[in-house]
Amino acid sequence: MARSAAQATEAGPVLLSIGQVLAKLTPEFPELTPSKLRFLEEQGLVAPSRTPSGYRKFSASDLERLKLVLGMQRDHYLPLKVIRDHLADIDAGATPLIAGGPALPNMLSTGRRHTRDELLRESGASAQLLSDAVSASLLPATDVFDEEALRVLTALAELGRRGIEPRHLRAVRAAVERELGLIESAVAPIAHRRDASGRAKTADTAQEIARQLDVVRSSLLRTGLDRVLP
């Protein structure tokens, strides 16, 4: 056993092929494909090494960097340019902030997953509130939840203490669906492209539109508070 460990150390760090990276990441990021991996490399967001034969090899730090990039796209709808700037700040030792949101996680952190019991305990919500949130399509019907679900359920628990229940938020859900329709229409001219670059551009454009819609929505809410504040 000691000999095997020594041999592994001498051989250097374990490097992963594209297929191995996909096997590790697609359970959390099912939209990830070999084409998207190559596109992220083309955009300078990850820089795997190459074998003498030209095959890509990803290190453990490459894997964590990909998790961060994909998480920022999925959870914060950030365009690649903004993500690239965030990565540059992180590489320089800074802890950048997302506009209107929390600090980005450390490069070596991993997204937590919560069981149903953990979600209820950490959010302070009741089982009935979780059930109501699922029924109102505010949370997915699943047994394992991510950090986004924890944030949403925690917010719903706080709203509930002020008399706002998930059923009252159906209009919010409907408004989001209408915004998604706007995004779908806006990206339609480029969505027909089936190559990797075209698909990535479509996703990046959609995320940028979503981010700008969020700015407008937040502004309208802040401005509208003048009507309800004494």
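FYI, the numbering just counts along the sequence from 1.
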Report task. Would you indicate whether Glu158, at its atom CD, is surrounded by more than 12 heavy atoms from other residues, nucleotides or ligands within a distance under 6.0 Å? Result -> yes
Query raised in the report: Are Ser59 and Asp62 close enough that a side-chain donor and a side-chain acceptor fall under 3.5 Å?
Result: yes
Report task. Any chance you could measure Gln43, atom CD, to Arg84, atom CZ, to the nearest 0.5 Å? Result -> 5.5 Å
**Report entry** Non-hydrogen side-chain atoms of Ser17 and Val21 separated by less than 4.5 Å
**Finding:** no
Report task. For Ser123 and Ala157, work out which heavy atoms get closest and say how close. Result -> O-CB, 4.0 Å
**Report entry** N-O pairing of Glu165 and Arg170 below 4.0 Å
**Finding:** no
Query - Hydrophobic cluster identity match, Leu15 and Ile18, side-chain contacts under 4.5 Å - result: no
Report summary line: In this structure, CZ of Arg74 is separated from NZ of Lys67 (nearest 0.5 Å) by 11.0 Å
Query raised in the report: Is it the case that more than 12 heavy atoms not belonging to Asp226 sit under 6.0 Å from its CG atom?
Result: yes
Query raised in the report: Looking at Arg211 and Asp214, does any basic side-chain N land under 4.0 Å from a carboxylate oxygen?
Result: no
Report task. Run the numbers on Leu66 and Phe58 for side chain to side chain contact (heavy atoms under 4.5 Å, CB included), then give the verdict. Result -> CA-CA 10 Å; Leu66 284 168; Phe58 296 81; 4.1 Å; yes
**Report entry** Side-chain hydrophobic cluster, 4.5 Å single linkage: members besides Ile164
**Finding:** Leu119, Leu120, Leu129, Leu130, Val134, Leu138, Leu139, Phe145, Leu150, Val152, Leu153, Leu156, Leu159, Leu169, Val172
Report task. In sequence, state the C-alpha distance, the side-chain angles, and the governing distance for Arg38 and Arg56, and then conclude on side chain to side chain contact (heavy atoms under 4.5 Å, CB included). Result -> CA-CA 9 Å; Arg38 287 190 285 269; Arg56 293 171 177 82; 3.6 Å; yes
Requested in this report: Check for a donor-acceptor pair, side chain of Ser131 on one end and backbone N or O of Ala127 on the other, with a separation under 3.5 Å.
Outcome: no
Report task. With side chain to side chain contact (heavy atoms under 4.5 Å, CB included) as the test, would you mind laying out the steps for Leu225 and Leu221 before giving the verdict? Result -> CA-CA 6 Å; Leu225 283 176; Leu221 277 172; 5.8 Å; no
Report task. Drop me the distance from Glu208's CD to Leu213's CG, to the nearest 0.5 angstrom. Result -> 10.0 Å
Query raised in the report: Hey, does Asp132 have a side-chain heavy atom less than 4.5 Å from the side chain of Arg167?
Result: no
Requested in this report: Verify salt bridge (charged side-chain N to carboxylate O under 4.0 Å, His left out) between Glu41 and Arg50, making sure each step is shown before the conclusion.
Outcome: CA-CA 12 Å; Glu41 180 187 1; Arg50 296 288 186 120; 3.4 Å; yes
**Report entry** Donor-acceptor contact below 3.5 Å, side chain Arg65 vs main chain Leu45
**Finding:** yes
Query raised in the report: Can you get from Val14 to Leu22 by hopping between Ile, Leu, Val, Met, Phe, Trp and Tyr side chains that sit under 4.5 Å apart?
Result: yes
**Report entry** Under 3.5 Å donor-acceptor, Thr26 side chain and Phe29 backbone
**Finding:** no
Query raised in the report: With the threshold set at 4.0 Å, does a side-chain nitrogen-carboxylate oxygen contact exist between Glu177 and Arg173?
Result: yes
Query raised in the report: Should His114 and Val144 count as side-chain neighbours, where that means a heavy-atom distance under 4.5 Å?
Result: no
Query raised in the report: Can you tell me how far OG1 of Thr202 sits from CD1 of Ile183, rounded to the nearest 0.5 angstrom?
Result: 12.5 Å
Query - Minimum-distance pair of heavy atoms, taken over all atoms of Pro189 and Ala186 - result: CD-O, 3.3 Å
Query raised in the report: At what distance, to the nearest 0.5 angstrom, does CD1 of Ile209 lie from CD of Gln207?
Result: 10.5 Å
Query - SB check Arg113 Glu28 (cutoff 4.0 Å) - result: yes
Query raised in the report: Do any N or O atoms from the side chain of Thr51 and from the backbone of Tyr55 form a donor-acceptor pair under 3.5 angstrom?
Result: yes
Query raised in the report: With distance as the sole criterion, is a donor-acceptor pair present between the side chains of Lys57 and Gln20 under 3.5 Å?
Result: no
